[in-house]
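One-based numbering along the sequence shown. Computed from a predicted structure; not experimentally measured.
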Amino acid sequence: MGPPTRRNVQDEERVALAKKLLSFNDDDSSFLEKTGVLIEKYHIRPPAVTVTYQDLTVTTRALVGASAIPTVGNALIGLLLRVVGMSPRRAETDLKILDGLNGILKPGRLTLLLGPPSCGKSTMMKVLSGRLRETPIMHTAGKITYNGVEMDKFHAQRTSAYVDQMDNHNGNLTVQETLLYAHACQSGLHGTPFQIAQDMLATRNAGKGDASTAEFEEVLHKAMVSDARVAVWMNMVGLIHCKDTNVGDAMNRGISGGEKKRVTMAEMLVGPRNVMFLDEISTGLDSATLFTIVKSLSQMSHASRPTCLVSLLQPPPETFQLFDDVIMIADGVILYHGPVTDVIPFFNTLGFDCPPRKDIPSFLLEVTTSAGQLNYATAELRRTMGLPAAEAQPVAEGVSKEKMPVLRKELIVPVKNMAAMFWKDNEHGQAMLRELGVPIDPSSTHPGSLVNTSYALSAWESIVVTTKRQATLMMRDQVLLKARMIQTVVISLITGSLFYMLPITENGARSYFGACFMSILFLAFGGFPQLPITLEMKKVFFKHRENYFIPAYAQGIAMAVVQMPVSFLEVTLFSLIIYFMVGFYMAPSYFFTFFAICFSLSLVASGLFRFIACLSPDMVIGNALGGLAIVLLIVTSGFVIVKGSIPPWMIWAVSIELKFL
């Protein structure tokens, strides 16, 4: 049967479908677990991805000493050297962020990535998801495959999802609007080629279904082939109560920080991604909420068999037990990769004991530090390394500082030694190396596991969907719209009063030119608000670009199209006031010519400032470049400085001025 069509349902129907589906949750199992049972019962083969990585190394150049501290002097010297094509001399050294990693991420198993800060967790997730961009100073080596296929043979960013640590969203969109947009960009307007609910329906239509689960299958099918999937995930991550609340930003009140983190996760979960990398999702979440979310991820992993890797800094013990596997990483090397139940026995073989009342995640993080190894080292390891017994460590009260024992700075068992012992002596490390030695046959995997297209939406659909979102953002910013209209009326009245009813004489010609120049100047400044708007949009766009939601031209066209009616209204008000107050030639053709020139100028000025915002890394540089552009346009306009008085070495700027104005 052909690919299903994704239905857009009304808000009430969407919420009703989600509640009906979630009503099948009971004390014995959730609807996700029931779905997993049906998948096995009907012998449905969901698309699954096995991620393998061998000798994965990421190296960068790091500044050393004072070279890493920016000053006015070295910034100017560096700029001048780059202008003449030379590189500034700086003390640098090679830094290995990841050092020869090997491993396999299997579908249907929820894996925890655990490690201390700055150990390479985020870098590992980005490189495995295909989102780490190589630069002149950062290089990646090694082999990564999805189902035995190397990453340059398919679209890794569409196959996988990466949840960043930063929560970048459009503040004027509601939670539901944000997730509906993400769902449309990932699933498309015609659904995905493979859907579990669709295969269940086909099995039932063939007369092989189970009558006892008919109602559940029907509700599941209706929810999964429509955007009701968004409401389902909003319920599962605890966002349904704030679905109609604006996300908010630094200037507008919205949802809380923990809720924003859940929106960031839900953006990726509402899409049909077969591999998911979730980076530090516990930020801003309480223990109960984190437990609920990880439990839902675990149930989803076991039901539809996606490949999930979740990074947490220090999860609570009850959340830790929900994971199937754990990857312990420190200093860019893997210390352990295997079942959660066997991680403590492995560190016991290294000579470290976890105290009875110590939670396992804290023990695993501390055992990679010198103080932690000293606390958890067994008596046998202490004798082997020539360390004093554990009872001799506490210092009695009143002992002088000179007699206090010196804390050990070196690790008892270095990180690389722990990693070598895992791959050499541990059964899970040996089994993984043997499995890595046998390549996966891509023909034996599900044909829908890997995505080969760049975008789920066509070019026209991307423009339409993005334009609708941009129009919503524009209409929500009522303060800016009203302020712009009031400013236009006030400035046009002031300008008109300065050049009120100019005489049509030779002496008045200069004043007419002045009125035209003031009109052009005001409309050029009117495009300046596009600078902060575009800079704010860039953070969200970069996230969408990394996940291949929409192409760049769709965002650019949407912003230009939405700006047109605003510019049209602004120019209409300005022209009606200024034209007749100044006393320009009273003929319809002349008026509409003046209007067309002003409207075109307004659009060009808006486009110019959007372009400057795209070039600028932040608001400070954007303001500087915007001001420089305005000054350049004023000086070369031919009014402030007559064209004949412009020096020959600057006359080229007049042609640029004419093209812009």
Please check if atom [atom1] in [X] has more than 12 non-hydrogen atoms from other residues, nucleotides or ligands closer than 6.0 Å.
X      : atom1 : result
Lys143 : NZ    : no
Met619 : CE    : yes
Glu134 : CD    : yes

Where the side chain of [X] meets the backbone of [Y], is there a donor-acceptor pair that is under 3.5 Å apart?
X      : Y      : result
Tyr336 : Pro339 : yes
Thr445 : Pro442 : yes
Thr174 : Asn246 : no
Thr60  : Ile137 : yes
Gln373 : Val367 : yes
Ser296 : Thr292 : yes
Arg273 : Thr159 : no
Asn252 : Gly248 : no
Thr319 : Pro315 : no
Asp286 : Ala288 : yes

State, yes or no, whether a side-chain contact exists between [X] and [Y] at a heavy-atom distance under 4.5 Å.
X      : Y      : value
His302 : Ser298 : yes
Trp233 : Met300 : yes
Thr111 : Asp324 : no
Leu350 : Met421 : yes
Ile412 : Leu374 : yes
Asn147 : Phe154 : no
Met251 : Glu536 : no
Gln157 : Met151 : no

Residues [X] and [Y]: side-chain donor-acceptor under 3.5 angstrom:
X      : Y      : result
Glu366 : Thr369 : no
Asn547 : Arg131 : yes
Asp167 : Thr264 : yes
Asp279 : Gln165 : yes
His169 : Asp249 : no
Gln555 : Arg469 : yes

Nearest 0.5 Å please: distance from the [atom1] atom of [X] over to the [atom2] atom of [Y].
X      : Y      : atom1 : atom2 : answer
Tyr455 : Cys185 : OH    : SG    : 10.5 Å
Asn274 : Arg305 : CG    : CZ    : 11.5 Å
Met265 : Met236 : CE    : CE    : 11.5 Å
Thr52  : Met432 : OG1   : CE    : 11.0 Å
Thr123 : Ile97  : OG1   : CD1   : 4.5 Å
Leu114 : Ile329 : CG    : CD1   : 10.5 Å

Step-by-step side chain to side chain contact (heavy atoms under 4.5 Å, CB included) determination, His337 to Leu105: CA-CA 10 Å; His337 185 177; Leu105 299 177; 4.2 Å; yes
Test log, rule side chain to side chain contact (heavy atoms under 4.5 Å, CB included), inputs Leu473 and Leu173: CA-CA 7 Å; Leu473 289 170; Leu173 290 180; 3.6 Å; yes
Restricting to side chain to side chain donor-acceptor pair (under 3.5 Å), what partner residues turn up for [X], sequence neighbours left out?
X      : value
Tyr181 : Thr466
Asp618 : none
Arg158 : Thr453

Are any of the side-chain nitrogens in [X] or [Y] under 4.0 Å away from the carboxylate oxygens of its partner?
X      : Y      : result
Glu280 : Lys261 : no
Lys543 : Asp164 : no
Arg262 : Glu267 : no

Aromatic contact, Tyr162 with Phe277 (centres under 6.0 Å):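 No; Phe277 has its ring centre 6.0 Å or more from that of Tyr162.
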Within the 6.0 Å centroid threshold, strictly below: Phe347 and Phe352: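 Ring-ring flag for Phe347/Phe352: false, centres at least 6.0 Å apart.
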Partners meeting salt bridge (charged side-chain N to carboxylate O under 4.0 Å, His left out) with Lys538 (sequence neighbours left out):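 None.
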Partners meeting salt bridge (charged side-chain N to carboxylate O under 4.0 Å, His left out) with Arg434 (sequence neighbours left out):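 Expected list: none.
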If you look at every heavy atom in [X] and [Y], which pair is closest and at what distance?
X      : Y      : value
Pro317 : Asp359 : CG-CB, 3.4 Å
Met234 : Leu179 : CG-CD1, 3.4 Å
Pro136 : His139 : O-NE2, 3.3 Å
Pro116 : Lys121 : O-NZ, 3.3 Å
Leu364 : Met328 : O-CE, 2.9 Å
Leu436 : Gly103 : CD2-O, 3.7 Å

Verdict with reasoning, Arg133 to Glu546, per salt bridge (charged side-chain N to carboxylate O under 4.0 Å, His left out): CA-CA 10 Å; Arg133 299 176 181 268; Glu546 291 295 319; 3.0 Å; yes
Side chain to side chain donor-acceptor pair (under 3.5 Å) contacts touching residues 418-433 (sequence neighbours left out):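 Counting only pairs at least two positions apart or across chains, the side chain to side chain donor-acceptor pair (under 3.5 Å) contacts touching residues 418-433 are Asp342-His428.
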Criterion side chain to side chain contact (heavy atoms under 4.5 Å, CB included) on Val127 and Leu56, from CA distance to verdict: CA-CA 9 Å; Val127 70; Leu56 184 61; 3.6 Å; yes
Chi angles and distances behind the side chain to side chain contact (heavy atoms under 4.5 Å, CB included) call for Leu365, Gln314: CA-CA 8 Å; Leu365 292 175; Gln314 193 167 359; 3.9 Å; yes
